[in-house]
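Here the structure comes first, spelled out in structure tokens, and everything after it is commentary.
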Amino acid sequence: MIKKIILALGLIILESSKALAGEWNFETMGNAQVLLGYTKPESQYSYHQTRYHVPTRFNLNFLAQYAFNDNYQLGAYLDLGYGFDQQIKDYNHGSWGEQIYLILDSPFGRFIGGQSYNVAYQLGVGAPDIGVLGVNQSDLVNFIANPNWQRNHRTTAYRTLNSTDINTDGTAAKLTYISPEFNGTMFGFTFVPKSYSRDGLINRHAAYEDKAGYIAALYHNRELGNISVSTSLGAAHFTDIDNELSAGLNFYYKGWTLGGAVRRTFVYHKLADMNLLQPDGFDAFRDGWAYNIGLGYEFGPIKTSLTYFYAKADGKDYEDKIVQLSGSYQLNKYLEIQAVIAHADFNGKIPSESNEGYAFISGVSFRF
């Protein structure tokens, strides 16, 4: 599939470049990140906790772009990732991850095809995502394991939502359209032929893993004096899986950002029973909700934020609470130093399946 896409892109660009005088652009870039964390679990959970963790991640990105003129540009992108000491194996194809996609920019909007996030994910806003762990899909679970989020070589189970952005389909292959900006407003649509992806929320053994998804989103930004206000709305229908709604709002003023977002999922069909597979409640994310809120500040090379994330499954005891105080300092264009103090409270079906504690994390990120 990947080879066919690359070959088709090459033929398209080759034929186009013969007819039009354009300009090529090739780039390779990457990032390496190493985090060192010490965890302090609550005493009732300490018997099964590892205190020290060193999750490490490498990313490498390739792009080839051809600008036909000032209005049209076609690009091919390949993003690779590898990590270890990761609690959640959320890469596309296991420990190694890949995304390959095409982007056509034109006066009529942006067209995206391939392994990419859906339009509601791309246009969504919420709490300031300054921290190294991320507010949504928080990497805090690499230090304090969450029994409600599992993706490893044994099973996939999301008993609660891990994001206020619509990410059920992860980076499954899809087609996306995003409109040009009109007075601060953009809208878009995504069609997903098969919603399952290794970095999404769906278990590959679920009866609905091959079902289609349809997503729409709206984004608006407006200047109110010295304050910049951004809002987003998202809606999705994943066939025989669930329906989803998301909304986000943030305010920016002289380096300060205050924002939050909410997401709701609900099921109205014959597959509403959550427990079709083992483990119990593996797809309870289909009936639940999540929200985040946070305050961030940026001044020169310094960034800091305080954020809160909450998720709950309807009619279940599955519940997540994450508080993070994050900071970073950009030493130069290549090197960034990071630090986080975080607390997690993860409630499973029974107390022995729950987890709670603090994590103290430092790290370094190197771009090349």
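All heavy atoms count here, side chains included; hydrogens, waters and symmetry mates do not.
- A side-chain donor from one of N25 and E27 sits under 3.5 Å from a side-chain acceptor of the other.
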Return a table of donor-acceptor pairs under 3.5 angstrom between the side chains of residues 359-368 and protein atoms on other chains or two or more places apart.
| residue | atom | partner | partner atom | Å |
| --- | --- | --- | --- | --- |
| S365 | OG | N31 | ND2 | 2.8 |

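- Judged by distance alone, the side chain of R204 and the main-chain N or O of R198 form no donor-acceptor pair under 3.5 Å.
- For Y52 and Y38, the ring centers sit closer than 6.0 Å to each other.
- When atom types are taken as modelled, the side chain of K174 and the backbone of A172 share a donor-acceptor pair closer than 3.5 angstrom.
- Ionic pairing of K211 and D240 is present here: one or more N-O contacts between side-chain nitrogen and carboxylate oxygen are shorter than 4.0 angstrom.
- Contact detail for M186 and S179: the closest heavy-atom pair is CA-OG, 3.6 Å.
- A side-chain donor from one of S197 and D199 sits under 3.5 Å from a side-chain acceptor of the other.
- Contact check for F238 versus I202: no side-chain heavy atoms found under the 4.5 Å cut-off.
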Could you pull out every donor-acceptor pair under 3.5 Å between side chains of residues 221-231 and any protein atom, sequence neighbours left out?
| residue | atom | partner | partner atom | Å |
| --- | --- | --- | --- | --- |
| N221 | ND2 | S228 | OG | 3.0 |
| N221 | ND2 | V229 | O | 3.3 |
| N221 | ND2 | S230 | OG | 2.8 |
| R222 | NE | H220 | NE2 | 3.4 |
| E223 | OE2 | S228 | OG | 3.2 |
| S230 | OG | Y219 | OH | 3.3 |

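- Side-chain N or O atoms of E298 include none that pairs as donor or acceptor with a backbone N or O of K254 at under 3.5 Å.
- Of all the heavy atoms in Q137 and N167, the pair that sits closest is OE1-ND2, 3.4 Å.
- The ring of Y177 has its center no closer than 6.0 angstrom to the ring center of F189.
- Taking all atoms of both residues into account, the shortest heavy-atom contact from E319 to K312 is CB-CD, 3.7 Å.
- For the side-chain contact (heavy atoms from CB on, under 4.5 Å) test, residues two or more places apart in sequence or in another chain that qualify with A247 are L233, V262.
- Here CG of L201 is found 13.0 Å from CZ of R159. Values are rounded to the nearest 0.5 Å.
- With a 4.5 Å cut-off on side-chain heavy atoms, Y208 and T239 do not count as touching.
- Counted by atom type alone, D79 and Y101 present one or more donor-acceptor pairs between their side chains at under 3.5 Å.
- Between L175 atom CG and N118 atom CG the span is 12.5 Å, to the nearest 0.5 Å.
- In this structure, V340 is not a member of the same hydrophobic cluster as L325, with clusters built from ILVMFWY side-chain heavy atoms closer than 4.5 Å.
- Counting only heavy atoms from C-beta outward, the side chains of Q324 and L140 approach each other to under 4.5 Å.
- N243 approaches H237 most closely through the heavy-atom pair OD1-ND1, 2.6 Å.
- Between Y66 and F68, the two ring planes are perpendicular [angle over 60°; tilted spans 30° to 60°].
- Without hydrogens or angle criteria, R286 side chain to I241 main chain gives a donor-acceptor distance under 3.5 Å.
- Side-chain N/O atoms of N148 and D320 include a donor and acceptor closer than 3.5 Å.
- Applying the ring-ring contact (aromatic ring centres under 6.0 Å, His included) rule to Y72 yields no partners; only residues at least two apart in sequence or on another chain are considered.
- Minimum heavy-atom separation, A173 to P193: O-CD, 3.4 Å.
- Counting heavy atoms from C-beta on, the side chains of N203 and D283 never come closer than 4.5 Å.
- Between D85 and N142, the side chains place no donor N or O within less than 3.5 Å of an acceptor N or O (distance only, hydrogens not considered).
- Smallest separation of non-hydrogen atoms from S163 and R263: O-NH1, 2.9 Å.
- Taking the six-membered ring where the residue is Trp, the centroids of F282 and Y158 are separated by 6.0 Å or more.
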Could you pull out all donor-acceptor pairs under 3.5 Å where a side-chain atom in residues 122-134 meets a protein atom, sequence neighbours excluded?
| residue | atom | partner | partner atom | Å |
| --- | --- | --- | --- | --- |
| Q122 | NE2 | Y117 | O | 2.8 |
| D129 | OD1 | V135 | N | 3.2 |

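- With contacts defined as side-chain heavy-atom distances shorter than 4.5 Å, the pair I215/V192 qualifies.
- Ion pairing between a basic and an acidic side chain is recognised when a charged N comes within 4.0 Å of a carboxylate O; D105 and R110 show such pairing.
- With a 4.5 Å cut-off on side-chain heavy atoms, D287 and D242 do not count as touching.
- Under the 3.5 Å distance criterion, with hydrogens and angles disregarded, a donor-acceptor pair is assigned to the side chains of E244 and T168.
- For F266, the ring-ring contact (aromatic ring centres under 6.0 Å, His included) partners two or more places apart in sequence, or in a different chain, are Y268.
- Heavy-atom neighbours of F182 CZ from other residues, nucleotides or ligands within 6.0 Å: above the threshold of 12.
- Donor-acceptor pairing under 3.5 Å is lacking for the side chains of T265 and W289.
- Put simply, the side chain of N292 gets close to the backbone of A261: a donor and an acceptor are under 3.5 Å apart.
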